Each structure stands twice: as structure tokens, then as C-alpha cells.
Amino acid sequence: MSDRTAAVTGNISIDAPWSLIEAFATQPREKPADGNIGAEMIAERLRGFGVPVTVHQPDLYLSLPISASVQAGGATFAAKPPAFTVSAPAGVEAPLLYVPAAGAGNPLDRSAGRLDDPSRFEGRIVITEGFALPNAVAEYETAGAAGVIAVNPGERIHWGTVSTIWGTPDLDDLGRLPKIVSAAVNNADGRKLIEIAEQGGSARVSTELEVGWFPSNIPVVEIPGAKRPDQFVLLHGHYDSWDVGVGDNGTGNACMLEIARVLWANRDRLDRSVRMAWWAGHSTGRYGGSAWFADTFAQDLAENCVIQMNCDSPGCRWATSYRSISLTSETEAAVKAVVMAATGQETTGKRPQRNSDYAFNNIGISSAFMASSMMPPEALEDHGYYTVGGCGGNIAWHTEDDTLEIADQAVLLKDIELYTTAVLQFANAEILPFDWHATTREFGATIDRYQSAAGDRFDLSPAQEAVTALDAALETFYARIGAGSIDADTANDAIRDLARILVPINYTRLPRFRHDPALNVPPLPALAVAEDLDRYDAGTIGFAKTQLLRGRNQVVAALREAEQRVRRAVGDG
Ligand SMILES: [Zn+2]
């Protein structure tokens, strides 16, 4: 850790963050009016530290769950309606169809998959294990189902969302708003309902939600860098929660509050600026707040943002492991060093899934961190926990149990130190510590995998050759950086431009400045159908090959553009 970083992290204290967590433990931040009070609690603390804060108030399109129930076999079962499911207070009644979940024990991995014999779903209420998830609900809807009941794995029913639309819908997205009812029930009730389904029974699913446009406060802080003030690191996390949501995401809000305090006090130690944002509409707007920010400040983000880092669910009890961090490959080496410096642990990067306010992939911004500390697998096993999507692995995630006991002071302090170290690493590096060789290695491995799946049915070698050519240009680029024979601004501009080209082709299908759906995207998505060619017969394989040819053109063109950009930086193009 550099002296400059140590001088900043030495100021970190648990006092301010813990006081916010205690206050949030009795302040629900689910309905926009309650959330706005939470946002003001963050803003007033920032002002108290002398940190200037701008509170934006966009109208976000939100879906607020009110109530749900399932009636079957003469009984009424408690349920929760996921955000964006259809509001049907009078209920929808239909015969049940039990579809055992695939996804080997992971309730977050519940694609309906390829629906064999789709006609059997027609007019039925599908009941299946797992959380209420957008991909599965959308697939059942397409197959003609009348509704979906998700049988959660535990005693508590988890809140969630079933919209595949990222952020506030635009006209192109609107058609994907869910059109069928869905509801989540707990495991014991779900078992009873599955029995009723197996006996040929019916159910009535009733849901009530309030949908519309709600003014939603978004506090944003700008801590100016002393040397390159236009360029900035973006650190962000949602403050809206389900109920009081202490571990998701009161702890993250507190972590960022403390970072704002110490960075503001030490702003003379910052080269680049640091922009920090606390989002509304994460849960009930499907990342509505961060998507609004990406849209509203798109040109500034495109020109000046060097990296975006998300802070969600740090500082939770028993979450002592940092062995895996979501990131884009070019940041992996730098993040490994940061995690080692702040926690003493080895970590490896993993591909970010399409969630967690990663609203910046289409603009093309390098990324690191969704969550940080997690319960190690042994701890999950000791507690008999199933997999959840936050709270460091505590199953209180997205339930009424996400209360003060989920937060842990020692873990939170470690996370604050980790994020502070990471911010300083990227804000203060003379030349941005991004290793684009890691990205070309990733692309090479992805294309190899797709090529072996496609066999001789399609030739991806032009894409592989373009990767090799980019890699060769990068060799020269990094050698010049190592020799000090390229000036920092030239190198940094090239590194930023590579992100604008290479992040979109690896994470998006839609153009820049749009938002891909909230569904996972395979690596180099334009080529991904290569792995699916077995699905096509003699009459349809031509369509798949046409798709691949266009996708290959897109990938090759992007790789060549990146290569030319690197050559220009080294004065060779
Ligand atoms: Zn969260």
C-alpha cells in the first residue's frame, strides 16, 4: 500500500458508518417516500462532514409490491408479489402445472430452459422451485402460461423482481413488461401447493402492486482530484431496499459514507476525481436510478469515467472471504493487488452477471466489484444456507430478517478499507493499471470454446486472428509504457478508448447508450450462437450461420478498431 493510500485509510473509523446503519435499521427504504427520507439521512450526514452533495430527483418508473396470496385446496397461502408482476387483485385462477426446477440446488439459477412441448404450459399456473426470476417467468409467459408460483427454498419468502427491462423502459422495451401474474411462497406452503398440482388441482393467484412514476432522490458527491480533475472514478450503490434492508444495502451506504468523509478530508491526496452516487429504484425500478444516471450523464461518463465500482452488501456477519470478485478482465491484476493489500487474501476475478447496477456496460466502462466480502462455502454449509444474491450470503437477504444483526463492524471496517484502497489505486495511478492482455486472453479462450463447439460448421479464425493482431499491438504499447517512452495522457486516453470498444462487444447486444435487458449475456454475445448449432437442422442451420457471419463481422471490426487505436497511441498507425 502506498504512503498516500495509508495516510487516507488511517483515517477510517466505524463511528459514522455504524450510526447510519443503526438509523437505517428502523427506516424502511422500499416505498419511494420512505426511501427519500433515507436519501436525506445520507445527504445530511455528508453535509455534516462538509462534503458538498447534489440531490437529484428524477421521476422513476417503479413497481411497488403491496400484497399477494395463493388460494388452493380450500386454503389461502401467504405470498409476495415480485416487482413488475401484473397487478391482479381479483386473482387469476387456472389449473396448476408442477415443473421441477433444473438448476441443481441454486435458487438463483432457474431458467425455464428450452421448453419441451410448450403447449402443456398453455393456460396453466406453473409452480416451480427457486426465486421468482425474470428469465424463467418470461419464458413461461412466452409459452402461454397464465401465471407462475415460485417456491422459495426456506422459511421466509424473498422479495424480488420479474422484469427483464433494465431501468425505466423506453418505447422499445415496453413490450417486455410482464403480462402474467407471479408470486413467491415459502417452502412449506410450496410443497403443499405442489401436492395439489400433482393431484390435478387449480390455484388462484392474487397480486396487488402500485405502478407509476415516483420522484426519487439520488445523492451524488464529487470529490475533485488535484491533477486530472475531469477524469473520475465512479463508486456507487443503491440505498433503496426491501423493508429496512440493513445488509442489502444499508452496510454499502455506510461504507460509501465513510469513504466520502475520508476522501473529502484528504482530497489533496487525489489525482483524479471521485464521483459517488447512492441510487434509488434498484429493487422496484430494476436499477432505475443508476440507469437514469447513465442516461442523463452519458457523454460525461463516456468521455471521463475511468472505472465504475459497485458497493452492494459489504460488511455482513460471517462474510470473511474475498476469494472471488466480479470484474472486467483488464482490471483483475489491479484488483488482486488491492484485495491482497487490504485483506491479505488471494482473489480471482469472475465475469460480472447482468445485475447490481452495472448500468454502464453499453457505454463501455471498465468495472470492478459488485459485492466484496462473502460467507465462505464452509460457513454457508455450517449454517445450512442456500444461495442468495446479497447480504454476504446471509439468507436474510430480501426478507424481513435483514435487520441490524446482519451487519458486522469488523467485516464492514475491512470492506471500507478495501473500497478506499481500490478507489485510490485507480484515482492515483499515473497510468491506469488496466491490463488489456487479460482481455485479449479472455477473448481468445472464448473464441476457442465457440470454435470447438461449432466444429467445421463455421470458421471463427478471422476473429481469432484479429485478437492476435490486437494482442501484438498491445505488446508494443505496454513495452513503451514500461520504458517510459509514451506520455501518460496518451496512454490513459488509449486505455479509456479500449474500454469503450471492448466492453460493449463482450457484454452487450444493443448499441451504446441503450440498455441491454436484465438477463445474463454470454461472452462475445455476437458469436455465442456457435455453441448452440446442434439445435438447428438442415432447414434452419442457415439462419444460425447467417447470424454468426454478421456477429463475426461485428467482432472483427471492433477488434481492428481497438488495434488501430493502440497503434495510434504508440505512433504507429
Ligand atoms: Zn443490493
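All figures in this text were calculated on a predicted structure; none of them were measured in a lab. Just follow the structure's listing: the first ligand is 1, and inside any ligand the first atom is 1. In what follows, every heavy atom counts, from backbone to side chain, and hydrogens, waters and symmetry copies are set aside.
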- Are H158 and W397 an aromatic pair by the rule of ring centers under 6.0 Å? yes

- Item | For the student: nearest non-hydrogen atoms of I363 and A294, plus distance |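 The answer is CD1-O, 3.9 Å.
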
- Query: Does E40 come within less than 4.0 Å of R45, counting only side-chain N to carboxylate O?
  - Reply: no

- Message: Looking at D173 and R176, is there a salt bridge between them, counting it only when a charged N and a carboxylate O are closer than 4.0 Å?
- Response: yes

- Query: For the Zn ion (ligand 1), which N, O or S atom of D248 is at the shortest distance?
  - Reply: OD1

- Message: What do you get for the angle at the Zn ion (ligand 1) between NE2 on H238 and OD1 on D312, to the nearest 10 degrees?
- Response: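 Vertex at the Zn ion (ligand 1): approximately 100°.
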
- Task: Decide, counting backbone as well as side-chain atoms, whether H282 has an N, O or S atom less than 2.8 Å from the Zn ion (ligand 1).
- Result: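 Given the 2.8 Å cut-off, H282 does not count as a ligand of the Zn ion (ligand 1).
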
